[in-house]
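Working notes, structure below.
This chain uses plain numbering: 1 for the first residue, then up along the sequence.
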Amino acid sequence: MTTPMVEGRGICKSFGAVEVLKGVDLTVTRGEVSCLIGPSGSGKSTLLRCINHLEQHDAGELRVDGELVGYVAREGKLYERSDREICAQRAQIGMVFQRFNLFAHLTVLDNITIGQIKVKGTSADLAKQKARELLSRVGLDGKEAYYPSQLSGGQQQRVAIARALAMEPKLMLFDEPTSALDPELVGEVLDVMKDLARSGMTMIVVTHEMGFAREVANTVYFLDRGIIEESGDPYSVLSEPRSERLKIFLSKVL
């Protein structure tokens, strides 16, 4: 059997007295696009952040490519990995945030090359070559010398995607990548993501874009109040929902 790219079993996470994730299970196979949908506060972004250990889950087991995320098992107990080991794991998992998180004082080219040079030890020349290839892929030829403030929100998000891809990740995580964009800029980012999906990249996407989920996803997970209320192929989840909670949610977003 092929090892799943992401496998979570019984994932729990609380912030103080608030239970955000209540025993979540999910499996994402290689090359699959999974979309996480649900109301605000349902645990979608927290689950995504647990997958690359930006948040420490309190209970359960989470693996990426067969390897425990953030922890190592010894004699039946889990121990947190060193910062260096966690950084090495994160380097294989690309993350694109709502707010771009570009370095404002660096040019587009430097934003994309800095991780390659500092983390992977790539030579500056090779890093710049890869950066230019990726900028072409996301439709930003000629923007190498621009600063983030000189770009539209959609352009900044495409730079953020290129920066994540420059690290050659095995998995890409997207946390509502279009939610901070003006409506007319959403399409240009979704087009890049669709192209990425067609290339076979394994992706987990927190999104409110139901059209994107319907078109691109292999599996859609509906989260509500910290649990996966319903999951399945896009048609089943979005067109023939079983749970009343999902029916109510879709009536408000479709």
Side-chain angles (χ1 to χ4, degrees), residues 5-6 30-31 33 48-49 51-55 64-67 69-70 80-178 180-181 185 187-206:
M5 181 57 75
V6 179
R30 296 170 192 276
V33 178
L48 204 70
R49 291 169 68 86
I51 291 172
N52 68 354
H53 207 62
L54 286 175
E55 297 288 354
V64 171
D65 201 13
E67 187 176 66
V69 174
E80 190 166 19
R81 295 179 183 271
S82 68
D83 289 345
R84 184 173 182 176
E85 290 175 316
I86 291 170
C87 286
Q89 285 189 319
R90 285 196 191 122
Q92 301 178 68
I93 304 172
M95 180 98 176
V96 178
F97 300 88
Q98 296 178 39
R99 293 287 176 179
F100 325 134
N101 286 10
L102 298 176
F103 297 112
H105 65 292
L106 297 181
T107 65
V108 165
L109 190 68
D110 289 338
N111 262 282
I112 299 173
T113 59
I114 188 170
Q116 297 180 69
I117 296 169
K118 298 290 187 181
V119 178
K120 297 190 70 176
T122 306
S123 72
D125 287 343
L126 285 177
K128 289 177 182 177
Q129 178 182 335
K130 178 177 282 293
R132 290 190 176 98
E133 291 171 354
L134 288 169
L135 285 172
S136 178
R137 181 175 180 179
V138 300
L140 291 174
D141 287 302
K143 300 294 186 183
E144 295 94 333
Y146 282 57
Y147 286 88
S149 62
Q150 297 173 299
L151 303 176
S152 70
Q155 290 172 328
Q156 290 186 61
Q157 194 61 295
R158 284 184 281 158
V159 173
I161 293 172
R163 181 178 62 180
L165 292 175
M167 301 300 287
E168 299 181 333
K170 62 177 72 172
L171 168 68
M172 284 286 288
L173 308 177
F174 294 86
D175 189 5
E176 297 189 37
T178 61
L181 302 179
L185 301 178
E188 63 189 47
V189 174
L190 293 181
D191 285 344
V192 171
M193 294 172 64
K194 291 173 185 177
D195 177 69
L196 193 57
R198 286 190 291 267
S199 75
M201 174 63 73
T202 309
M203 300 163 57
I204 304 178
V205 185
V206 173

**Asked** Under the 3.5 angstrom rule, does the side chain of Arg163 hit a backbone N or O of Asn111 as a donor-acceptor pair?
**Response** no

**Salt-bridge contact Asp175-Arg49 (side-chain N to carboxylate O under 4.0 Å)** = no

**Prompt:** Side-chain contact, heavy-atom cut-off 4.5 Å: Ile93 with Pro169?
**Reply:** no

**Request:** Could you list the residues that satisfy side chain to side chain contact (heavy atoms under 4.5 Å, CB included) with Lys128, not counting sequence neighbours?
**Result:** Leu109, Thr113, Arg132

**Asked** Looking only at atom types and distance, does a side-chain atom of Arg90 sit under 3.5 Å from a main-chain N or O of Asn52, one as donor and one as acceptor?
**Response** yes

**Message:** If I compare all heavy atoms of Val96 with all of Ala164, which pair ends up nearest, and what's the gap?
**Reply:** CG2-CB, 4.3 Å

**Prompt:** Under a 4.5 Å cut-off applied to non-hydrogen side-chain atoms, are Ile161 and Met193 in contact?
**Reply:** yes

**Asked** Which atoms form the tightest heavy-atom contact between Ser152 and Leu185, and what is the distance?
**Response** CB-CD1, 4.2 Å

**Item:** Any residue meeting salt bridge (charged side-chain N to carboxylate O under 4.0 Å, His left out) with Glu176, in chain and number order, not counting sequence neighbours
**Value:** none

**Prompt:** Any side-chain heavy-atom pair from Tyr147 and Asp110 closer than 4.5 angstrom?
**Reply:** no

**Message:** Within the 4.5 Å heavy-atom criterion, are Leu106 and Ile114 side-chain neighbours or not?
**Reply:** yes

**Item:** Heavy-atom closest pair, residues Leu151 and Gln156
**Value:** O-NE2, 3.4 Å

Could you pull out all donor-acceptor pairs under 3.5 Å where a side-chain atom in residues 117-127 meets a protein atom, sequence neighbours excluded?
| from | atom 1 | to | atom 2 | distance (Å) |
| --- | --- | --- | --- | --- |
| Lys120 | NZ | Glu168 | OE1 | 3.1 |
| Thr122 | OG1 | Gln116 | O | 3.4 |
| Ser123 | OG | Leu126 | N | 3.3 |

**Prompt:** Under a 4.5 Å cut-off applied to non-hydrogen side-chain atoms, are Ile112 and Val159 in contact?
**Reply:** yes

**Message:** So Glu188 and Gln155, do their side chains get closer than 4.5 Å, heavy atoms only?
**Reply:** yes

**Item:** pair Phe174-Leu196: side-chain heavy atoms closer than 4.5 Å
**Value:** yes

**Prompt:** Okay, side chain of Gln157, backbone of Pro177: is any donor-acceptor separation there less than 3.5 Å?
**Reply:** yes

**Considering all heavy atoms, the nearest Asp141-Ser136 contact** = OD1-CB, 3.1 Å

**Within 6.0 Å of CG in Asp83, more than 12 heavy atoms from elsewhere** = no

**Item:** Spacing of Met172 atom CE and Met95 atom CE [to the nearest 0.5 Å]
**Value:** 10.0 Å

**Asked** Distance from Thr178 atom OG1 to Gln98 atom CD, nearest 0.5 Å?
**Response** 9.0 Å

**Request:** Answer yes or no: is there a side-chain heavy-atom contact under 4.5 Å between Val64 and Ile51?
**Result:** yes

**Item:** Heavy-atom closest pair, residues Ala197 and Val33
**Value:** CB-CG2, 3.7 Å

